[in-house]
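So that the names make sense, note that chain A is the first sequence line, chain B the second, and so on, each numbered from 1.
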Amino acid sequence: METVDWNAVNPLALWRDWIVKSEAQWSQGLSELMKDERFSGPMGRQVDELRMMQRQFAEVAQASLAAANLPSRSDLEALDERMGRLEDGLAQVAAAVSRLQQALEARQVVAPTAPVRTRKPASAGPAAAEGAKAATRAATAPAPAPAPAPAPAPAADPAPGRTPTRKARR
Amino acid sequence: MSTAQPARAGVLPNPVQQALERMGLPAEDFSTMAGPLGVTPRHTIHAEGTLKLHHYLPQADELYRVPVLVVTSLVNQPYILDLVPGQSLVEFLLKQGFDVYMIEWGRPRREHRDLTLEDHVLGRLPRCVERVLEHSGQRELSLLGYCIGGLLSVLYTALHADAPVRNLVCMAAPVNSDGLESLKAWMGEPFDAEGLLAQHGNVPGDWVQNALRALRPFGKVAGAAGLLNQIDRPEVVRSHLRMGKWESDNLPFPGGVFRQMVRDFLRGNRLVQGTWEIGGRRVDLGALRQPLLHLLAQDDHITPHASSRDLVRLAGSADKQEIVLKGGHVGLVAGRGAELRMWPALEAWLAPRSV
């Protein structure tokens, strides 16, 4: 006679599985309730009241923390903002270096590093087929994706500062 | 002199850590399991205020002619599109031969509370487009916008008849607020948006996070329960930690943009009505003429299908397509489902239009 391996049965795991499977239904039910005007109106007012309470509490807490010589949330936020300004400054330096690099490439002081732009799409491979198959609904206007005519290559120099090498590659 | 060693987080008595250890997950792994996110090599080629425009280093010997500019959401960190090697849409595009740029809007500070849609759609985004063209040496690019980034891409393209946009691809971009029933109800007239902005300047990131979580109230509980049932699978735990890190890292919503979004988009639903004016110019979706692809998720609770399906219907493009895929708002762009479904579909559509 076959015996049940009771050690393999985990009631907690079964309970958690049930939660996972039921979640969408519960969330949908509560969402339906929350978007009802009878609920959302009072909720909006409640949020405003909470916001004002939070403000008052923050002011009290700030005074207490200052008395204890401890930083408050607003002190930390000020520090965070200062760090943010530093980060933004560094990004501007990085962007300036990038422009410098580009200018040097244009003058052929350093070799351009970009690959050529001559790639053509492979015929629809298994990946594309899988992607299309996975689409549960693909709709509208013209039939999917015949390759449009390639855009003509620019006649004039469209981008000052690019190297002749890159233009020739295009 | 003291010889005491500094305490390490890994050796502190942490019940979660101890539970993981009992389940066979090594202690030193826990603190690093999520790993660094958004690590695909890149250079910053433009910066203004908090905005940064990145260029990812190509990973193919031969590129498609048309570069791709990724426009991210204003309220979510952009690294959801570049989680870790092997789970990164950006890396996938690079390996397929696309030249990828990305706009990171950054974390607005109080001094940025007056940033408006005009600043984004008529100023910052066009300047990024210009810089991408200058950097790539091309005359046109493809825009790839996710969530609110998709909406910004649509607004920019519709407002600039001569925009150098070769293709427009949106991923879960909301256009019809009637489909955003919960948000619309919560941000209705009783909600004091001005009071919130007067207090904080911008909408704080934790407010954004709570609003998004409230759209699926039991999602977090179910996620934790599901995780506990798969705790013996380190890759699942890692993936969960990465997503958790991203979900709890919302960006503040710039005050001026929030005000316009609540008044004109959520309450007024002016985009689909054709009455939305930005910078004194009316936004007409019929003015979109570029090849258009809209990628949607069938179980998206943040941008439900009812809020996004009108984009393709109203766009004036002759070549337009909507693809609805299995999964949710985040699963559309990241994770195993995205890797199997969305990324190949995107590549199959975009590649022939990028030569």
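Taken from CD in Q54(A) to NE2 in H200(B), the straight-line distance is 5.5 Å, to the nearest 0.5 Å. We find the OG-NE2 distance between S98(A) and H135(B) to be 4.5 Å, quoted to the nearest 0.5 Å. Rounding to the nearest 0.5 Å gives a distance of 12.5 Å between CZ of R109(B) and CZ of R82(A). E49(A) CD to D192(B) CG: the interatomic distance, rounded to the nearest 0.5 Å, is 11.5 Å.
The closest side-chain heavy-atom distance from D80(A) to R107(B) is below 4.5 Å. Annotation: side chain of L196(B) is in contact with side chain of R51(A) (closest heavy-atom distance under 4.5 Å). No side-chain heavy atom of S354(B) sits less than 4.5 Å from a side-chain heavy atom of R119(A). Proximity of Q92(A) to T44(B): side-chain heavy atoms (C-beta onward) are nowhere separated by under 4.5 Å. Two residues are said to be in side-chain contact when any heavy atoms from C-beta on lie closer than 4.5 Å; P121(A) and Y64(B) meet this criterion.
Across V97(A), D48(A), L30(A), V47(A), the residue that shares the most heavy-atom pairs under 4.5 angstrom with chain B is D48(A). Per-residue heavy-atom pair counts under 4.5 Å with chain A were compared for G226(B), G219(B), A224(B), G188(B), and the maximum is reached by G219(B). In terms of heavy-atom pairs under 4.5 angstrom with chain B, the leader among R85(A), K120(A), E87(A) is R85(A). Across H294(B), E48(B), H43(B), E111(B), the residue that shares the most heavy-atom pairs under 4.5 angstrom with chain A is E111(B). Each of L293(B), N229(B), L295(B) has some count of heavy-atom pairs under 4.5 Å with chain A, and the biggest count is that of N229(B).
A side-chain donor-acceptor contact under 3.5 Å links Q102(A) to the backbone of E134(B). When atom types are taken as modelled, the side chain of R117(A) and the backbone of Q138(B) share no donor-acceptor pair closer than 3.5 angstrom.
For A60(B), the parts lying near chain A are the backbone and the side chain together; criterion is any non-hydrogen pair under 4.5 Å. Only the side chain of P58(B) has a heavy atom closer than 4.5 Å to any heavy atom of chain A. Residue contact with chain A, scored on non-hydrogen atoms closer than 4.5 Å, is absent for W343(B). Proximity to chain A is limited to the side chain of D99(B), based on heavy atoms less than 4.5 angstrom apart.
Contact check on E77(A) versus R110(B) returns no salt bridge, with no Lys/Arg side-chain nitrogen under 4.0 Å from an Asp/Glu carboxylate oxygen.
Of all the heavy atoms in A222(B) and I19(A), the pair that sits closest is CA-CG2, 4.1 Å.
Within 6.0 Å of the CD atom in E62(B), the count of heavy atoms belonging to other residues, nucleotides or ligands exceeds 12. Within 6.0 Å of the CD atom in Q199(B), the count of heavy atoms belonging to other residues, nucleotides or ligands exceeds 12.
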